[in-house]
Q: 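Structure in structure tokens, see below.
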Protein chains: 2
Amino acid sequence: MADTQTPGGQTLLFLTDEQLRKGIEAMFFAYRGFTADPDRILEEYRLGRAHHRALHFISRAPGTTVNNLLSILGVTKQSLNRVLRTLIDDGLVESRVGTRDKRERHLFLTDSGIALEQELSTAQRERMRQAYREAGPEAVQGFRTVLEAMMDPELRQHFNRGRDSGDE
Amino acid sequence: MADTQTPGGQTLLFLTDEQLRKGIEAMFFAYRGFTADPDRILEEYRLGRAHHRALHFISRAPGTTVNNLLSILGVTKQSLNRVLRTLIDDGLVESRVGTRDKRERHLFLTDSGIALEQELSTAQRERMRQAYREAGPEAVQGFRTVLEAMMDPELRQHFNRGRDSGDE
DNA sequence: CTTGGAAAGTCAACAACACTGACATAAAAC
DNA sequence: GTTTTATGTCAGTGTTGTTGACTTTCCAAG
């Protein structure tokens, strides 16, 4: 990777369009691999990727409100509602009316919801673990750093809110 | 990052579910950022992400056949056909009957196709460049390594076929 | 205490883009 | 000359996004 030090000590990167394009394609192909395993499982349950995302974030923050989920997922409430409706009808998610504010719905996974989320999550984690193993520890650190730098600032907040239990 | 050396010299990584889940979320949020800029541009042209992907790979390999594009993009011919027809009708892509094999159609960008692809590509490259700059050279290397390890083997072939002009 | 606006969620209709299945045409391969 | 391959098309379906219109609930200003 071409880089030099300026007199001031700052590292400059000279990136050709070709190198950047390669990174773009890597994102494209990798994302396909990233979603492939869960997609296969979801098919059996007649659910889609949107359901997976909802399950994931509800699992991570049980009791979260619809509104909070909306801002994380970045879709319209109508779109999310259809997804939640399916999950609730399928008995995977439970929606409890808020006690403090009755307009809010707090979302929880049911036992079967937890089971499915685990199944999906495990498949995806195994892919990730495999990739991490193959690439090595320094690569993993770089991977995470670049991904974070690629996020919109608002999404980065969401990302950093669900705090890491400190491995770095 | 926790890692140790085995007596044999192999590096082992001990990855918690939490660390892996964090990587999963990073992919999710980063991919959103990754597509955000092109999506905005595409909206003005009333095109979608599928059109962008087609433009990208035609630009990358001018004269490519429909079949080749199909295997890269991993969609059905019916799906790709709808996209290509729009692009051809909009005068962005030209389809030429093959000379050696007249069953094949070779795909090329028109001048306006090249212009749009450039516009999209530039926006996406700028995001990537920004992220690379922010993360630094070692991070970029790791980023690419992990992404490649995450791909399905078949897709990895496609990725490596469009060869890099040697920066590593 | 009432009223009016904001917030949360729901219902209906529509669009983009993926899918399957069936079929047509032309050219190449055997 | 039959089969296979490459491409295109038509019809139908599903997921996931969109907007617009609506109800219920909450809260705060009068």
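Throughout, a chain's letter reflects where its sequence line sits, starting with A, and its residues are numbered from 1.
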Q: Assign the ring pair B:F57 / A:F29 to parallel, tilted or perpendicular, where the plane angle (0 to 90°) is split at 30° and 60°.
A: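 Judged by the thresholds at 30° and 60°, the geometry between B:F57 and A:F29 is tilted.
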Q: Please report the distance, rounded to the nearest Å, between NE2 in B:H52 and C1' in C:dA16.
A: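 It works out to 17 Å between those atoms.
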Q: Between atom NE2 in A:H106 and atom P in C:dA7, what is the gap in whole Å?
A: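 After rounding, the reported distance stands at 17 Å.
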Q: Under 3.5 Å, is there a donor-acceptor pair between the A:E126 and A:Q130 side chains?
A: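 Looking only at side-chain atoms, A:Q130 and A:E126 do not form any donor-acceptor pair under 3.5 Å.
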Q: Which of the following nucleotides, C:dA8, C:dG21, C:dA27, is nearest to the side chain of B:R103?
A: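 Nearest listed nucleotide: C:dA27.
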Q: In terms of the nearest nucleotide of DNA chain D, which residue is placed more toward the 5' end: A:K77 or A:V83?
A: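 Here A:V83 is the residue nearer the 5' end.
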Q: Should the pair B:R32-B:D39 be classified as a salt bridge under the 4.0 Å nitrogen-to-oxygen rule?
A: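 No, this pair does not count.
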Q: Is it true that A:D152 and B:R127 make a salt bridge, defined as a side-chain N closer than 4.0 Å to a carboxylate O?
A: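 Salt bridge between A:D152 and B:R127, a charged N being under 4.0 Å from a carboxylate O: yes.
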Q: Do you see a donor-acceptor pair shorter than 3.5 Å between the side chains of B:H106 and B:T65?
A: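 No, no side-chain donor-acceptor contact under 3.5 Å.
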Q: Rounding to an integer number of Å, can you tell me how far B:N81 CG sits from C:dC23 P?
A: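 That distance rounds to 19 Å.
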Q: C:dA18 P sits how many Å from B:L70 CG, rounded?
A: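 Atom-to-atom, B:L70 to C:dA18, this comes out as 12 Å.
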Q: What is the separation between atom CG on A:D89 and atom C1' on C:dT10, rounded to the nearest whole Å?
A: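 In whole Å, C:dT10 C1' lies 13 Å from A:D89 CG.
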Q: Please work out whether the ring planes of B:H56 and B:H52 are parallel, tilted or perpendicular, with thresholds of 30° and 60°.
A: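 Ring orientation, 0 to 90° scale: perpendicular.
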Q: Quick one: the side chain of B:R82 and the base of C:dA18, do they pair up donor-acceptor inside 3.5 Å?
A: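 Under the 3.5 Å cut-off, the side chain and the base do form a donor-acceptor pair.
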Q: Expressed as a whole number of angstroms, how long is the span from B:Q78:CD to C:dA22:P?
A: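 Atom-to-atom, B:Q78 to C:dA22, this comes out as 12 Å.
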Q: Within the 4.0 Å heavy-atom criterion, would you say A:K102 contacts the bases, only the backbone, or no part of the nucleic acid?
A: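 Sugar-phosphate only.
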Q: Between B:A50 and B:D101, name the one whose nearest nucleotide on DNA chain C is closer to the 5' end.
A: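 Nearest nucleotide further toward 5': that of B:A50.
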Q: Rounding to a whole Å, what distance do you find between B:D39:CG and C:dA16:P?
A: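 The answer, rounded to whole Å, is 14 Å.
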Q: Just checking A:T65: base, sugar-phosphate only, or nothing, at a heavy-atom cut-off of under 4.0 Å?
A: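 Since no nucleic acid heavy atom lies under 4.0 Å of A:T65, the category is nothing.
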Q: Would you kindly give the CG-to-P distance between B:L73 and C:dC17, to the nearest whole Å?
A: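 After rounding, the reported distance stands at 13 Å.
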Q: Find which nucleotide of DNA chain D each of A:R46 and A:L80 is nearest to by heavy atoms, and output the residue with the more 5' nucleotide.
A: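 The 5'-side residue here is A:R46.
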Q: So what does B:H51 touch, heavy atoms closer than 4.0 Å: a base, only the sugar-phosphate, or nothing?
A: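 The answer is sugar-phosphate, as B:H51 gets under 4.0 Å only of primed atoms, P, OP1 or OP2.
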Q: Inspect the contact between B:R96 and B:E94 and indicate whether a charged nitrogen and a carboxylate oxygen are less than 4.0 angstrom apart.
A: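 Between B:R96 and B:E94 there is a salt bridge, with a charged N closer than 4.0 Å to a carboxylate O.
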Q: Can you tell me which nucleotide in C:dC19, C:dG9, C:dC11 comes closest to the side chain of A:R85?
A: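 Selected nucleotide (nearest to the side chain): C:dC11.
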Q: Which nucleotide of DNA chain D is the first, and which the last, in the 5' to 3' direction, to come under 4.0 Å of a heavy atom belonging to chain A?
A: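 Span of nucleotides near chain A: D:dT15 to D:dC26.
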